[in-house]
Amino acid sequence: MIEITPPVRVRFAPSPTGYLHIGGVRTALFNWLFARHYGGQFILRIEDTDEKRYVPGAADDIMASLRWVGIEWDEGPDIGGPYGPYIQSLRFDQGIYQVYSAQLLESGHAYMSFTTEEELAQLRADAEMRGVKAFRFRGLERDWPLERQRELAATGKPYTIRLKTPLTGQTTFTDLVRGAEGITVQNDQLQDIVLIKTSGMPVYHFAHLVDDHLMRITHVLRAEEWVPSTPYHLLLYQAFGWKPPVFAHLPVILRQDGKGKLSKRKDDVATNRFWERGYLPEAMMNYLALQGWSFDDKTEIMSRDELIERFTIDRVQASPARWNPEKLRDINGIYIRKLAPEDLAERLLPFLAAAGLIGDPPSEAERAYVVRLVPLIHERLEELSEAPGLLEFFFREPRPGPDGYAPASLVPRGLDAPQTAAMLRAAHATLHDLELWTPEALEVALRELCTRLERKPGQLFGALRVAVSGRAVAPPLFDMLAALGRERVLARLDAAIAALG
RNA sequence: GCCCCCAUAGUCUAGCGGCCUAGGACGUCACCCUUUCAAGGUGAAGAUCGCGGGUUCGAAUCCCGCUGGGGGUACCA
């Protein structure tokens with residue numbers, strides 16, 4: 001067991017190649033929880049060294065996604081900090097990486113490689129033809145004196161800078177998640193990876209490491225896909241003579257069908273899609289915390305503060321988690337039910353406005369009406385986006401007929417159309433004369449009517465529900481009638497009676 | 001192919017040598033509540049702890065092998 005000793009500094013370092021997906025948020029969340037738990041700092045750094053895949057605006061989207069779930073950083077591109085800048089392209093402009101690659105060249109831990117991508121591809125193909133099991137590239141320049149490398153470079157021939165990896169021996173690193181023995185890799189399995197591209201831009205392996213060191217990062221919590229490249233990173237730390245951070249590789253999140261890890265392309269996992277669909281950030285944080293981590297054998301619903309208090313690395317799972325939208329939905333429903341009605345109403349307004357049921361911005365009257373309606377659907381909601389569908393008939397008239405509900409759906413089991421019409425006429429009369437228009441008064445009156453007409457409650461209530469809402473499944477009848485108001489109820493009854501012929 | 005990691009019900013997960021006749025949750029199915037749908041309550045089905053060997057008085061828990069799954073194998077991160 002490796003002890004965690006404060007101070008602790010961790011970071012989340014996404015590359016702006018598109019929106020942030022759920023897996024990325026999970027990694028950020030674990031870093032953030034770790035930092036908060038140990039009273040350390042959480043740093044956000046943008047790794048935009050890939051000019052080809054750079055997507056303008058992606059960094060802003062990533063930051064918006066993180067803020068949405070409730071993750072804030074102590075140092076970052078937008079707020080600065082003592083170790084800035086926090087965007088790699090800006091650091092490149094300052095010449096930071098160039099200084100350190102020169103240092104490695106000088107010390108002989110790296111070399112200029114003049115093999116082009118095309119030549120390398122050819123070498124690989126040839127090796128495969130010859131039946132070489134595993135092609136491991138090492139440039140011949142690795143044995144050249146630095147002077148000779150420089151001379152060739154001076155002629156203008158493009159080159160990359162590669163790490164000179166040892167041919168023998170082994171490299172071991174410990175991992176907080178994967179046991180104390182650590183992970184060992186034979187050095188002959190490595191190859192001389194590119195550190196600096198021909199463009200002069202550093203590659204991830206190099207840039208992140210220089211930055212982590214300069215930014216005093218103590219713990220690196222990152223996804224499992226980085227395990228295979230960690231030996232290179234360790235070798236790099238050794239080459240610089242720097243103390244490596246403590247590593248913890250988090251389990252990947254697998255796709256719902258278990259076939260491969262979550263991907264932006266194939267799965268609907270863009271973080272910003274979840275706010276559009278009506279997920280609560282607090283529910284999202286709770287669910288994500290459970291992807292690869294657990295507190296005990298029964299506690300699942302935990303607030304932000306509880307998560308911070310309870311999050312420890314030793315309880316992070318080594319085996320992959322699987323994306324489970326059903327579970328997320330369930331947790332979202334739990335959080336929705338915990339909301340105060342006014343709070344829920346407030347969160348519902350944008351969805352109702354987007355559906356065109358209320359104005360944008362909503363008027364005071366609309367706002368008040370939504371507050372009035374919220375209790376009717378509160379515990380029936382698992383996504384906020386379901387609200388417009390559930391509340392639509394409070395804003396629009398349900399019409400019997402081809403464009404609306406089927407008149408036949410008015411007719412309850414055991415009755416025919418004329419009988420139903422008669423029953424609804426009786427209900428109309430009762431409601432018309434009712435003095436107090438409250439759920440309680442409505443219930444008393446309508447139950448009396450059932451007895452008088454010798455109809456089962458289910459028959460009357462069912463027909464009324466359809467007449468008034470246009471659907472067989474709706475919120476509780478008496479609350480619905482009360483919220484709709486007498487005028488609209490009577491008008492809808494008239495329409496239903498007419499439709500029954 | 002090669003390297004690395006992982007392995008408890010359909011899914012997530014508890015378990016770190018005896019508290020396990022394997023606990024919790026999602027999902028599924030019943031029943032109760034009930035005017036529908038939910039929510040809530042009760043209960044059920046579902047795991048020979050992937051398989052095979054060891055170690056031990058005793059293994060889901062430790063070791064080895066196999067199998068399966070996943071990750072990596074770029075001048076992407």
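Order of the sequence lines sets the chain letters (A, B, ...), proteins ahead of strands, with each chain counted from 1.
- Remark: B:U28 base-pairs with B:A44; criterion is Watson-Crick or G-U wobble with both hydrogen-bond distances under 3.5 Å.
- Listed nucleotides B:G27, B:C12, B:G71 differ in distance to A:K261; the shortest reach to its side chain belongs to B:G71.
- Residue A:R380 places a side-chain atom within donor-acceptor reach of the base of B:C37, judged by atom type and a 3.5 Å distance cut-off alone.
- The gap from the C1' atom of B:U67 to that of B:C75 amounts to 39 Å, rounded to the nearest Å.
- Residue-to-nucleotide contacts include no donor-acceptor pair under 3.5 Å from the side chain of A:R178 to the base of B:C5.
- Across all strands shown, A:R329 has no heavy atoms under 4.0 Å from either base or sugar-phosphate atoms.
- A:R413 and A:Q459 form no side-chain donor-acceptor contact under 3.5 Å, judged by distance and modelled atom types alone.
- Under a cutoff of 6.0 Å and an axis angle of 45°, A:R315 and A:F311 do not form a cation-pi pair.
- Among residues at least two apart or in separate chains, salt bridge (Lys or Arg N to Asp or Glu O under 4.0 Å) pairs with a member in residues 447-456 of chain A are A:E443-A:R447.
- Searching all strands for a Watson-Crick or G-U wobble partner of B:C51 with both distances below 3.5 Å returns B:G65.
- Among the atoms of the strands shown, base atoms are found under 4.0 Å from some heavy atom of A:F478.
- The same atom, P, is picked in B:G68 and in B:A38; the two are 43 Å apart, to the nearest Å.
- For the OP1/OP2 pair of B:A77 and a distance below 4.0 Å, the side-chain nitrogens and oxygens of A:T49 include at least one atom meeting the criterion.
- Looking at heavy-atom distances under 4.0 Å, A:P476 makes contact with a base.
- Regarding contacts with the backbone of B:G10, every side-chain N or O of A:Q256 stays at 4.0 angstrom or more from both OP1 and OP2.
- The closest side-chain donor-acceptor pair between A:D211 and A:Y86, if any, does not fall under 3.5 angstrom.
- Contact annotation: A:R45 side-chain N/O to B:A77 OP1/OP2 distance is not under 4.0 Å.
- One N or O on the side chain of A:Y111 and one on the backbone of A:G139 form a donor-acceptor pair closer than 3.5 Å.
- Of the P atoms belonging to B:A30 and B:G71, the separation is 37 Å, rounded to the nearest Å.
- Looking at the side chain of A:D50, the nearest of the listed nucleotides B:U73, B:C76, B:C4 is B:C76.
- Residues from residues 165-173 of chain A that place a heavy atom under 4.0 Å from any atom of RNA chain B: there are none.
- Among A:F351, A:Y287, A:Y335, A:F274, the one residue that satisfies the ring-ring contact (aromatic ring centres under 6.0 Å, His included) test with A:Y279 is A:F274.
- The shortest distance between the side-chain N/O atoms of A:K197 and the OP1/OP2 oxygens of B:A74 is not below 4.0 Å.
- A sub-4.0 Å separation between OP1 or OP2 of B:U11 and a side-chain N or O of A:K327 is absent.
- Under the 3.5 Å distance criterion, the side-chain polar atoms of A:Y54 are left unmatched by any main-chain donor or acceptor of A:S15.
- At B:G72, none of the side-chain N or O atoms of A:S229 fall inside 4.0 Å of OP1 or OP2 (strictly under the cut-off).
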